[in-house]
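For clarity, every value in this text was computed on a predicted model and none was experimentally measured. All chains are named by letter (A, B, ...) in the order of the sequence lines, taking the proteins before the strands, and each is independently numbered beginning at 1.
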Protein chains: 2
Amino acid sequence: MADLRLEPIQSGSRGTLVSDVVREAIYSGRFQPGEAIREMQLARELRVSQTTVREALLQLEHAGLVVREANHGTRVTSLSEEEIRDRVAIRLMLETSAAADAARRITPAQLAELESHMNQIAAAVRRNEYYEAAQADLAFHRTIWGACGNQMLVRMLDQLTAPLFAFVSMRQSTDVADLRRRVRSHEPIFAALRSGRAAAARKALREHLTSSYEQFLRGTHERNSSSD
Amino acid sequence: MADLRLEPIQSGSRGTLVSDVVREAIYSGRFQPGEAIREMQLARELRVSQTTVREALLQLEHAGLVVREANHGTRVTSLSEEEIRDRVAIRLMLETSAAADAARRITPAQLAELESHMNQIAAAVRRNEYYEAAQADLAFHRTIWGACGNQMLVRMLDQLTAPLFAFVSMRQSTDVADLRRRVRSHEPIFAALRSGRAAAARKALREHLTSSYEQFLRGTHERNSSSD
DNA sequence: CGAGAACCGTTTATCGATAATCGTTGACAG
DNA sequence: CTGTCAACGATTATCGATAAACGGTTCTCG
């Protein structure tokens with residue numbers, strides 16, 4: 001049997017293809033929060049039927065990236081500050097738990113993956129590529145989730161954070177010092193996981209998430225007070 | 001304006017209607033775990049199109065009640081013992097947190113609702129109606145979730161526990177003594193919420209969930225050892 | 001002039017039919 | 001007898017078209 005390291009050029013059903021395209025458009029900011037998405041218009045642009053677009057939008061609704069109102073339409077999710085706070089609070093509980101579990105069962109291959117993502121983040125930051133940095137950041141966290149051994153927990157964290165990344169992380173164009181600090185704050189997490197210290201991993205992750213959220217709050221506060 | 005305490009006799013789209021019917025069939029056990037669900041067959045039986053059935057099945061997949069495999073089919077979710085353990089672990093984290101928040105902000109109306117659900121549970125148990133008891137039990141917990149003020153937390157708990165209720169709570173035909181004990185174990189939760197003691201609510205809920213899970217484990221263990 | 005009902009255009013929701021997919025069966029060659 | 005592969009049947013995936021729902025607008029009547 002030949003090794004299957006290569007994936008098919010386009011995998012999955014058309015519906016999944018469409019949802020991938022739209023997701024990417026949302027992540028990249030080509031679709032703005034609150035913007036309406038027309039089924040027929042999208043279907044014409046992508047040369048698929050309305051049915052297929054609908055299925056894709058249902059998947060994205062599931063992921064929390066769009067909101068659908070019955071008989072009215074679909075729009076890109078727009079998170080209020082309270083919704084962000086609520087999501088972060090849940091994420092804090094779930095992800096610190098995942099990290100503690102991961103510390104006990106993470107494999108060398110997964111540790112190597114973590115290191116690779118850290119390098120990607122650092123490289124992207126050096127090149128001022130915020131979007132790529134955020135993507136690699138998400139991949140870093142996802143690797144930790146995957147190492148916790150609780151599949152349901154992974155699904156929930158995915159649902160929880162997809163909109164956070166799309167509408168918070170991907171957008172923040174913070175100053176360089178902040179980014180540097182954020183990059184470094186992955187290191188204690190990695191060190192704790194590598195040495196199997198569950199409590200330390202939990203603590204490192206809590207600090208990482210808390211400081212990221214506080215920085216986000218500072219960002220929005222600045223923006224509000226300067227625009228008023 | 002007339003008061004709107006009465007709901008329309010059938011609310012929502014046809015797709016939602018179908019998903020309600022199928023959900024009910026799963027809860028009631030008319031669809032067994034692992035059983036295949038054919039789109040066309042269901043469409044014929046319910047006099048709707050296959051498209052509508054598909055949309056309903058997507059919703060149910062989202063709720064975790066069915067599993068869909070691409071190009072292959074849909075079957076009713078069948079949880080392994082490990083998946084149940086994993087879900088319960090997450091539920092423990094999220095619901096104890098929700099209870100603590102609820103203790104601080106629950107309204108008199110919600111407290112009355114809780115009491116009503118407790119009465120329903122007790123009445124159903126007296127009549128040996130396990131299914132209705134489980135339904136009221138779920139309603140009791142849902143009311144607590146709703147009182148926590150974190151909408152996302154409610155959604156996650158719903159997703160998490162829907163299959164647990166469908167495949168665990170609704171089925172257990174335990175002995176009367178166990179049921180009595182389970183009924184009573186809601187009382188400390190209610191008392192803690194009413195008096196606004198967050199820590200006590202957390203503790204009461206943890207004990208309730210833990211003992212329910214342990215009882216479930218005893219049940220499956222007995223069944224396994226007796227059938228071997 | 002103003003309130004409310006009927007209309008109209010846009011968008012979603014549903015339908016019936018066709019296309020693509022996958023497991024299976026059975027024929028056939030080695 | 002056994003492994004391979006092509007054709008079949010059952011089921012999902014997708015399509016194009018029609019129906020239903022909603023919001024805004026205009027028209028009517030007091």
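Among the nucleotides D:dT14, C:dC15, C:dA13, the one closest to the side chain of B:Thr52 is C:dC15.
Considering every non-hydrogen atom in both A:Ile26 and A:Ala166, the closest pair reads CG2-CB, 4.4 Å. Closest non-hydrogen pair, B:Arg105 versus B:Gly149, comes out as NH1-CA, 3.3 Å.
Residue A:Arg54 places at least one side-chain N or O closer than 4.0 Å to OP1 or OP2 of C:dA13. One finds a side-chain N or O of A:Asn71 lying less than 4.0 angstrom from the OP1 or OP2 phosphate oxygen of D:dC22.
Under the salt bridge (Lys or Arg N to Asp or Glu O under 4.0 Å) criterion, A:Arg127 pairs with A:Glu129, sequence neighbours left out. Partners of B:His208 under the ring-ring contact (aromatic ring centres under 6.0 Å, His included) rule, at least two apart in sequence or in another chain, are B:His141, B:His186.
Spacing between atom CG of B:Leu17 and atom P of C:dA13 amounts to 14 Å, rounded to whole angstrom units. The nearest whole Å value for the distance from the CZ atom in A:Arg38 to the C1' atom in C:dA13 is 16 Å. Across the protein-nucleic acid pair, A:Glu55 atom CD and D:dT14 atom P stand 6 Å apart, rounded to whole Å. Distance A:Leu58 CG to C:dT12 P: 12 Å, rounded to the nearest Å.
In this structure, a donor-acceptor pair under 3.5 Å is absent between the side chains of B:Ser116 and B:Glu113.
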Atom pairs, N/O to N/O, protein against nucleotides 16-20 of chain D, distance under 3.5 Å?
from: D:dG16; atom 1: O6; to: A:Thr51; atom 2: OG1; distance (Å): 3.3

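Here the side chains of B:Arg87 and B:Leu79 are in contact, with some heavy-atom distance below 4.5 Å.
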